[in-house]
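For reference, the structure is listed below as structure tokens.
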Amino acid sequence: MTKHDPTKAPKMDWEAIKAQVHRQGMTFTELSKRTGVHEDACGQLKTRPNYHAQKAVAEFIGEKPEDLWPSRYPQKRPRILDTNKYTPVDSQKRARGADRIAAE
């Protein structure tokens with residue numbers, strides 16, 4: 001799985017995306033209707049994120065949405081912390097936490 005850097009520049013700017021859609025003989029309104037999203041959704045992607053419309057446009061022009069709008073797809077980080085590097089805080093070390101005491 002490729003990781004995407006949200007700080008990197010998009011593969012195509014909005015004008016290039018729009019030109020590519022039009023070069024293939026399609027309008028944003030028609031593309032929206034064919035993919036089942038609101039008819040204005042694809043045309044408003046410049047300013048309004050819509051993941052379904054982004055996917056539809058990207059697939060139509062043969063790109064990945066993560067490459068066209070990298071800032072809208074943040075890079076995921078692992079959720080498990082290394083306990084050797086990040087030792088538990090005092091409240092995590094107690095045998096009976098405050099939540100368990102209150103539940104009794």
Side-chain angles (χ1 to χ4, degrees):
M1 184 171 162
T2 305
K3 292 186 178 183
H4 296 280
D5 183 6
T7 60
K8 78 174 188 177
K11 193 170 187 180
M12 301 169 76
D13 66 348
W14 176 249
E15 296 303 320
I17 293 170
K18 189 165 62 169
Q20 186 65 27
V21 169
H22 288 242
R23 260 187 236 118
Q24 294 183 17
M26 184 66 67
T27 64
F28 284 124
T29 304
E30 184 63 29
L31 184 59
S32 297
K33 289 178 184 177
R34 289 184 183 191
T35 56
V37 296
H38 188 272
E39 67 180 37
D40 295 333
C42 289
Q44 294 176 346
L45 286 177
K46 181 178 181 180
T47 57
R48 292 183 180 178
N50 182 318
Y51 292 103
H52 297 292
Q54 288 169 191
K55 182 179 178 186
V57 170
E59 285 179 356
F60 183 74
I61 63 174
E63 298 289 341
K64 293 181 181 178
E66 299 89 9
D67 293 334
L68 298 177
W69 297 280
S71 63
R72 297 179 184 180
Y73 293 87
Q75 182 180 1
K76 293 181 180 178
R77 296 185 178 142
R79 294 181 179 206
I80 300 173
L81 295 178
D82 181 7
T83 55
N84 294 327
K85 186 175 180 180
Y86 302 101
T87 58
V89 294
D90 290 336
S91 62
Q92 293 173 328
K93 292 178 184 177
R94 280 190 245 149
R96 297 178 60 185
D99 292 335
R100 291 186 182 173
I101 294 170
E104 292 177 354

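Remember, it's a predicted structure, so these values are computed and weren't measured experimentally. No hydrogens, no waters, no symmetry mates; every other heavy atom, side chains included, goes into these values.
Of the inter-residue distances, the one linking Lys18 atom NZ with Cys42 atom SG reads 13.5 Å to the nearest 0.5 angstrom. Rounded to the nearest 0.5 Å, atoms CD (Glu66) and CD (Gln54) are 9.5 Å apart. With rounding to the nearest 0.5 Å, the separation of OG1 in Thr29 from NE2 in His38 is 10.5 Å. One finds the CZ atom of Arg34 at 8.5 Å from the OG1 atom of Thr27 (value rounded to the nearest 0.5 Å). Interatomic distance, CD of Gln44 versus CD of Glu39, reported as 10.0 Å (0.5 Å rounding).
Two residues are said to be in side-chain contact when any heavy atoms from C-beta on lie closer than 4.5 Å; Trp69 and Ile17 meet this criterion. By the 4.5 Å heavy-atom criterion applied to side chains, Met12 and Ile61 are counted as neighbours.
Under the 30°/60° scheme for interplanar angles, the aromatic rings of His22 and Phe28 are found to stand perpendicular.
Under the 4.5 Å side-chain heavy-atom criterion for ILVMFWY residues, no single connected hydrophobic cluster contains both Val37 and Val21. Both Leu45 and Phe60 are assigned to one and the same hydrophobic cluster, defined by single-linkage of ILVMFWY side chains at heavy-atom distances under 4.5 Å.
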Next item on the list: For the pair Gln20 and Glu63, evaluate side chain to side chain contact (heavy atoms under 4.5 Å, CB included) and give the outcome as yes or no after the intermediate values.
Entry: CA-CA 11 Å; Gln20 186 65 27; Glu63 298 289 341; over 6 Å; no
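Looking only at distances, no side-chain donor or acceptor of Tyr73 sits under 3.5 Å from a matching main-chain atom of Leu68.
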